[in-house]
Amino acid sequence: MKKVLWFLLLAMTIVSCSKKTEVSGKIGNASPLERIEFIEASGVAALPLINIPVSPNGEFSGEFVAPKNGIYVMTCAGQMTTFYLKKGQKLQITSDANDFEGQFKISGDAKTNNDFLASTEKKFQEIMRGINQNEWLTKDEKAFLESVKKLETQLNKAIDDEAKKINADKEVVNYKKDETKIQLASIVEIYGKVHGRISGNVAYKPSQALLDYKKEMTKENDRLVKQFPQYRSFLLESIGEDFDAFAQKQNPTDDMMMTELFGKYLETKKDFSQITKDYMLATVLAQFDINPMNAKNFDKITKITDEYIKNGEVKSELKKLQTAVLGFQKETEPNLKLQTADGKTISLKDLKGRPTLVAFYASWNPNIAVNTVPMLKEVADFYKTKMDFAFVNLDDTKEQFQKTSSAMFSGFPGKNYWIEGGINSKAARDFAIFGFTLPHFILVDKDGKLASRRFYNLGDPDLVNTLDNATGLKAPQIQAEYPAQIQVGGEAIDSAATK
């Protein structure tokens, strides 16, 4: 009997933990090709949880598993906003593509907590308007510290008053108080760095009282560093000057990645916990070194992640981001199921005999018909005597795949395939395909194994060289035009950044 009850409780726990968040709404003035994404915001390398189409009249609906309670990012029309979400909630959202953040409104289960955050933020703005920041920074330290403590009392009172009035959940109230502590710690950090210069007291150094106050605001460091990206930014800012001094002594070479140097620096910081080091290094790695222009350092990125990062969750996030942006290791067997227009199923690794250039795309990719398809036709025509081509569609339905593939690739030397279920399918996620990665291109060798990283531009010299080497042909050189940015997990990565 006890065993039966135990299994029943386990089953109930699994159902409870996997309850999906249901979202629906309407976006005014949205493009017919518009897509909406939701991203959990606390991670170091957060990837989209779902990619939802917007109908011609602006309506959308979908469901996803929210991994935790907290702040989430919603993106639409190249814009984004944040909101508070608890696992399994149902919510309705309305906005306008021309002013997405300004017109954003949320109702349903999540309304109360988000009303609390909005009203609290309004109160904070009213309080902060009464503060002359330049005057604060020139105050003597004792007066400054008194002012900060008074501000802390005002802000926490505003939180408590709004929480009581709106009946917000305790969890979101604590979130706001934690966020406030980080903001206060940042104000104190700025004062400690600039007061001497602004006040003319060049001999000034922060007193123990000021340092103790900042320590009090950040005493739950390990929890804050896991939950708040802004806290990680605060920590990075606080060590900026110290890291610069360390870096200058190392005489870094031109090909040394930022993360290599930062990892060595963190080894000297004995006062940092391992979880703090993990999150700080992961933040730098995600922002600076995991980008398409740094593909040559794929193995180096993997080594840094494996050697320096100890936390399993952080390591897993970084590896997923690395795969999404750069692709899998060469010689990996790409076990990705593909479906033909007549319903036959094959695996990507079955494309053997000749090298195969594989293009992943969706009909809703901006300007794909104008920019990508004509150039892909030229590439296919040039290499077709020595190479095969596969055009893999990520549209939501088979009908859309059939319509798109016949319209875009009619007359192309190659075959059309569909990943069943499209961009939100398990197959796409397991192969690390997300909206921001489309379109992209990979090469599969004659033995059905991966022979390249992911490429985002057909004019990339590395791609041209890869195709030349695989075929023995020599393509004419053209100037690659890289996209200005590749959007990853709500953060824009500059794809033209040089190392």
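Here, residue 1 is the first one in the sequence, and each next residue gets the next number. The model shown is predicted, which means the values in this text are computed figures rather than measured ones.
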State whether the number of non-hydrogen atoms from other residues, nucleotides or ligands found under 6.0 Å of [X] atom [atom1] is greater than 12.
{"X": "K193", "atom1": "NZ", "answer": "yes"}
{"X": "E101", "atom1": "CD", "answer": "no"}
{"X": "Q133", "atom1": "CD", "answer": "no"}
{"X": "K277", "atom1": "NZ", "answer": "yes"}
{"X": "K337", "atom1": "NZ", "answer": "no"}
{"X": "K111", "atom1": "NZ", "answer": "no"}
{"X": "K264", "atom1": "NZ", "answer": "no"}
{"X": "E420", "atom1": "CD", "answer": "no"}

Side-chain ([X]) to main-chain ([Y]) donor-acceptor, under 3.5 angstrom:
{"X": "T437", "Y": "F434", "answer": "yes"}
{"X": "N365", "Y": "I368", "answer": "no"}
{"X": "Y456", "Y": "V325", "answer": "yes"}
{"X": "D109", "Y": "K90", "answer": "yes"}
{"X": "D99", "Y": "G102", "answer": "yes"}
{"X": "N424", "Y": "G421", "answer": "no"}
{"X": "R232", "Y": "M280", "answer": "no"}
{"X": "K315", "Y": "I309", "answer": "yes"}

Please name all residues satisfying side-chain contact (heavy atoms from CB on, under 4.5 Å) with [X], sequence neighbours left out, ordered by chain then number.
{"X": "P252", "result": "Q250, M256, L261"}
{"X": "E40", "result": "S42, L49, P67, K68, Y72"}
{"X": "D169", "result": "K86, N113, V172"}
{"X": "N114", "result": "F83, Y84, I106, A110, L117"}

Closest non-hydrogen atom pair, [X] against [Y]:
{"X": "A185", "Y": "T218", "answer": "CB-CG2, 3.8 Å"}
{"X": "F455", "Y": "L463", "answer": "CE2-N, 3.4 Å"}
{"X": "I419", "Y": "A428", "answer": "CG2-N, 4.2 Å"}
{"X": "E317", "Y": "A46", "answer": "OE1-N, 3.8 Å"}
{"X": "F116", "Y": "I159", "answer": "CE1-O, 3.5 Å"}
{"X": "K177", "Y": "N156", "answer": "CG-OD1, 3.9 Å"}

If you measure only the distance, is there a donor-acceptor pair under 3.5 Å linking the side chains of [X] and [Y]?
{"X": "D242", "Y": "Y265", "result": "yes"}
{"X": "N457", "Y": "D460", "result": "no"}
{"X": "Q329", "Y": "D299", "result": "yes"}
{"X": "E141", "Y": "Y204", "result": "yes"}
{"X": "D278", "Y": "Q274", "result": "yes"}

For T302, check side chain to side chain donor-acceptor pair (under 3.5 Å) against everything at least two apart and list the hits. Q322
Applying side chain to side chain donor-acceptor pair (under 3.5 Å), can you list everything that pairs with E152, at least two apart in sequence or on another chain? Y213
Audit row: E189, K214, salt bridge (Lys or Arg N to Asp or Glu O under 4.0 Å) steps and yes/no: CA-CA 8 Å; E189 178 71 23; K214 185 172 70 170; 2.5 Å; yes
Test salt bridge (Lys or Arg N to Asp or Glu O under 4.0 Å) on E216 and K219 and set out the steps. CA-CA 5 Å; E216 176 65 22; K219 64 182 179 181; 3.0 Å; yes
Go through the steps to decide whether T276 and N221 satisfy the test side chain to side chain donor-acceptor pair (under 3.5 Å), and finish with yes or no. CA-CA 8 Å; T276 299; N221 173 84; 2.6 Å; yes
Interatomic spacing from [atom1] in [X] to [atom2] in [Y] - rounded to 0.5 Å:
{"X": "S425", "Y": "L394", "atom1": "OG", "atom2": "CG", "answer": "7.0 Å"}
{"X": "N294", "Y": "I301", "atom1": "CG", "atom2": "CD1", "answer": "4.5 Å"}
{"X": "I52", "Y": "F60", "atom1": "CD1", "atom2": "CZ", "answer": "6.5 Å"}
{"X": "T323", "Y": "K320", "atom1": "OG1", "atom2": "NZ", "answer": "10.0 Å"}
{"X": "D462", "Y": "T466", "atom1": "CG", "atom2": "OG1", "answer": "6.5 Å"}
{"X": "D178", "Y": "M217", "atom1": "CG", "atom2": "CE", "answer": "10.5 Å"}

Worked verdict on T75 versus F436 for side-chain contact (heavy atoms from CB on, under 4.5 Å): CA-CA 12 Å; T75 67; F436 72 85; over 6 Å; no
Among D96, T94, T81, which one satisfies side chain to side chain contact (heavy atoms under 4.5 Å, CB included) with Q103? D96
Applying salt bridge (Lys or Arg N to Asp or Glu O under 4.0 Å) to K319 and D306, what does each step give before you reach the verdict? CA-CA 10 Å; K319 287 183 176 293; D306 288 338; 3.0 Å; yes
Identify whether NZ of Lys or CZ of Arg in K176 sits under 6.0 Å from the centre of the six-membered ring of F124 and within 45° of that ring's axis. yes
Would you call D255-K296 a salt bridge at under 4.0 Å N-O? no
Mind checking whether F144 and Y191 have parallel, tilted or perpendicular rings, split at 30° and 60°? parallel
Taking the side chain as every heavy atom from C-beta outward, state whether F441 and L458 have any atom pair closer than 4.5 Å. yes
Mind running salt bridge (Lys or Arg N to Asp or Glu O under 4.0 Å) on K123 and D161 for me, showing each step along the way? CA-CA 10 Å; K123 291 290 184 182; D161 289 348; over 6 Å; no
side-chain contact (heavy atoms from CB on, under 4.5 Å), that's the test. Do F328 and R454 meet it? Break it down for me. CA-CA 8 Å; F328 292 88; R454 289 183 176 178; 4.2 Å; yes
side-chain contact (heavy atoms from CB on, under 4.5 Å) between Y361 and L438, worked out: CA-CA 5 Å; Y361 75 99; L438 298 179; 5.7 Å; no
Hey, mind stepping through M74 and F100 against side-chain contact (heavy atoms from CB on, under 4.5 Å) and telling me if it holds? CA-CA 10 Å; M74 178 179 176; F100 184 64; 3.8 Å; yes
